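Structure first, then comments.
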Amino acid sequence: MATTQDFIRTGAEYVESLRGRNLTVYLFGEQVDEPVDHPIIRPSINAVAATYDLAQTHPELATVISPFTGEPVSRFLAVCTSAQDLVLQNKMQRKLGQLTGTCFQRCVGMDAFNALYSVTFDVDQAFGTAYHDRLRDFLHQMHRGNLVVGGAMTDTKGDRSLAPHQQEDPDLYVRVIRRSAEGIWISGAKAHQTGCLNSHWMIVMPTMRMSAEDRDYAIVGAVPVDAPGITYVYGRQSCDTRSAEDGTIDVGNARFSGQEAVVIFDDVFIPNRYVFMDGETDFAGTLVERFTTYHRRSYVCKTGVGDVLIGAAAQVAEYNGTDRASHIKDKLVEMTHLNETIYGTGIASSFQGRPTSSGAWICDDMLANVCKHHVTKLPHELGRLAQDLAGGLVGTMPSQRDLDHPQVGPLLHKYLKGRADVPTETRLRIIRLIENMTLGRNAVGYLTESVHGAGSPQAQRVQIARGMQLDYRKRLARLLAGIDDVADSDALADELTGYFAEVFRTHDIVATTTSSTAGGDRL
Ligand code: SF4
Ligand code: FE
């Protein structure tokens with residue numbers, strides 16, 4: 001079983017660790033025997049494997065020394081104890097986006113650990129529970145195997161106007177259905193679960209704030225992904241069956257994809273040692289807020305994917321012979337500007353991190369929300385510009401079978417040529433990559449997930465509104481307009497709370513950032 005394997009070092013070892021788990025997985029109305037060997041699932045496994053391989057080639061970027069074992073483990077399993085740690089998470093995410101061109105699936109678990117580290121500490125302070133030590137024991141266990149931990153947060157939600165306990169069907173949010181001295185049993189389902197099949201363990205968490213009546217829904221626990229009672233139904237992605245065809249041209253990115261599935265829990269047992277919240281409804285909202293603070297800034301991952309798309313756009317312009325046109329250069333400048341706008345806000349959120357009472361550091365909430373809100377929009381504009389530079393073939397190109405056909409193939413190679421010195425297939429491959437990222441399989445990760453992952457756009461606007469501090473800002477205006485007394489302006493320093501307290505905080509910034517060269521160059 002996945003819980004007892006040896007320490008996983010390489011991508012190849014990771015792939016082998018997934019074999020023979022007897023998961024119940026449905027795809028196209030059939031049960032999948034072995035997900036590792038399924039042509040539609042395998043590219044998503046390869047993307048997670050890339051996180052292990054990066055740890056081998058760039059340990060300074062993708063590993064930390066475990067405080068539990070004293071050995072290097074994946075940075076995806078690390079709790080941040082400085083702003084530098086938060087920043088290095090972002091640098092690792094950008095690098096992996098560049099290497100895979102898709103979602104590499106491990107950030108939900110990483111951000112769940114970090115959020116839970118401080119929330120379990122606070123719950124224990126409030127109620128005298130023992131969740132924090134249990135979580136630390138669980139982390140230690142994960143470090144011993146260097147395992148992949150997924151996070152399962154998004155409930156299926158039923159009628160959105162009703163609280164969990166008000167739903168006609170009580171299973172529409174994951175809930176505890178019974179308890180014993182040994183543990184709890186849960187039922188319900190989580191939708192859009194990133195990388196769930198590719199994980200070894202999954203942390204189940206509530207999806208929103210809850211009231212006292214929702215007690216059975218305020219549940220956090222860890223389960224092995226192959227625990228009895230769990231069924232996975234694989235999510236379709238646009239053009240996914242191309243991964244099952246012969247040839248590598250039409251799929252665009254043959255090696256890597258993301259993964260989402262519906263996860264159904266039917267009477268799944270969680271022993272007490274893996275339960276990290278049970279009924280503390282006041283803290284469900286705290287957990288969601290802290291998790292989304294980490295996770296909305298994790299969407300810096302999309303800038304690595306954006307780097308690939310900008311490269312593809314520049315490359316296709318060169319193959320088309322349009323690269324010297326000033327408007328083409330300007331469009332590449334615009335794409336870069338948009339991509340770096342996302343990166344700037346995400347990395348700033350990490351640099352502006354602060355310690356929690358548990359010792360874990362958390363990034364800046366306002367900037368994390370601004371980062372994710374950019375991500376709901378700017379990749380679409382990057383995608384539009386990439387399609388503009390690719391030309392109409394991005395939507396009309398014949399299949400690889402036609403390109404390889406003895407009669408029509410040579411004609412296609414003749415007529416679909418761009419610059420004379422560039423083979424037709426070379427040009428068509430880069431156009432297929434742009435199709436993959438903006439219309440095909442990896443458009444799920446680059447565009448749709450960018451809208452809805454880590455909370456849909458309105459969720460960020462709500463958080464931004466909460467942090468606006470308009471009273472403080474109005475006061476700034478009144479002072480300069482001569483409405484308030486200038487002599488009172490000294491009092492402004494006392495009004496520095498919330499976001500502005502962070503903006504003007506001067507301690508620790510140098511100490512926690514100047515040594516952050518471990519991540520190497522900016523990219
Ligand atoms: Fe990580 Fe980005 Fe995928 Fe979320 S969408 S798991 S942040 S790579
Ligand atoms: Fe996501």
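Sequence positions, counted from 1, serve as the residue numbers for this chain. Ligands are counted one by one from 1 in listed order, and the atoms in each one are counted from 1 as well. From a predicted model like this one, the values you see are computed outputs, not experimental measurements.
- The atoms of ligand 1 that sit less than 4.0 Å from any heavy atom of Cys103 are 3 (Fe), 5 (S), 6 (S), 8 (S).
- Interface of Gln105 with ligand 1, defined as ligand atoms under 4.0 Å from a residue heavy atom, comprises 3 (Fe), 6 (S).
- Side-chain contact, Asp53 with Gln56: no donor N or O sits under 3.5 Å from an acceptor N or O.
- Of the possible donor and acceptor atoms, none in the side chain of Arg42 sits under 3.5 Å from a partner among the backbone N and O of Ser243.
- Between the side chain of Gln105 and the main chain of Ser44, a donor-acceptor pair closer than 3.5 Å is present.
- Between Arg94 and Glu340, at least one side-chain nitrogen of the basic residue sits less than 4.0 Å from a carboxylate oxygen of the acidic one, meeting the salt-bridge criterion.
- A heavy-atom separation below 4.0 Å is found between Lys302 and ligand 1.
- Every atom of ligand 1 is numbered from 1 in the order shown, and the set under 4.0 Å from a heavy atom of Glu449 is 5 (S).
- Atom 2 (Fe) of ligand 1 has an N, O or S atom of Cys301 inside 2.8 Å of it.
- Here Cys107 fails the criterion, with no N, O or S atom under 2.8 Å of atom 3 (Fe) of ligand 1.
- Between the side chains of Thr281 and Asp214, no donor N or O sits under 3.5 Å from an acceptor N or O.
- No part of Gln93 comes within 4.0 Å of ligand 1, judged by heavy-atom distances.
- Aromatic ring orientation, Tyr52 versus Tyr14: parallel (interplanar angle below 30°, classes split at 30° and 60°).
- The ligand atoms of ligand 1 that sit less than 4.0 angstrom from a heavy atom of His295 are 4 (Fe), 7 (S).
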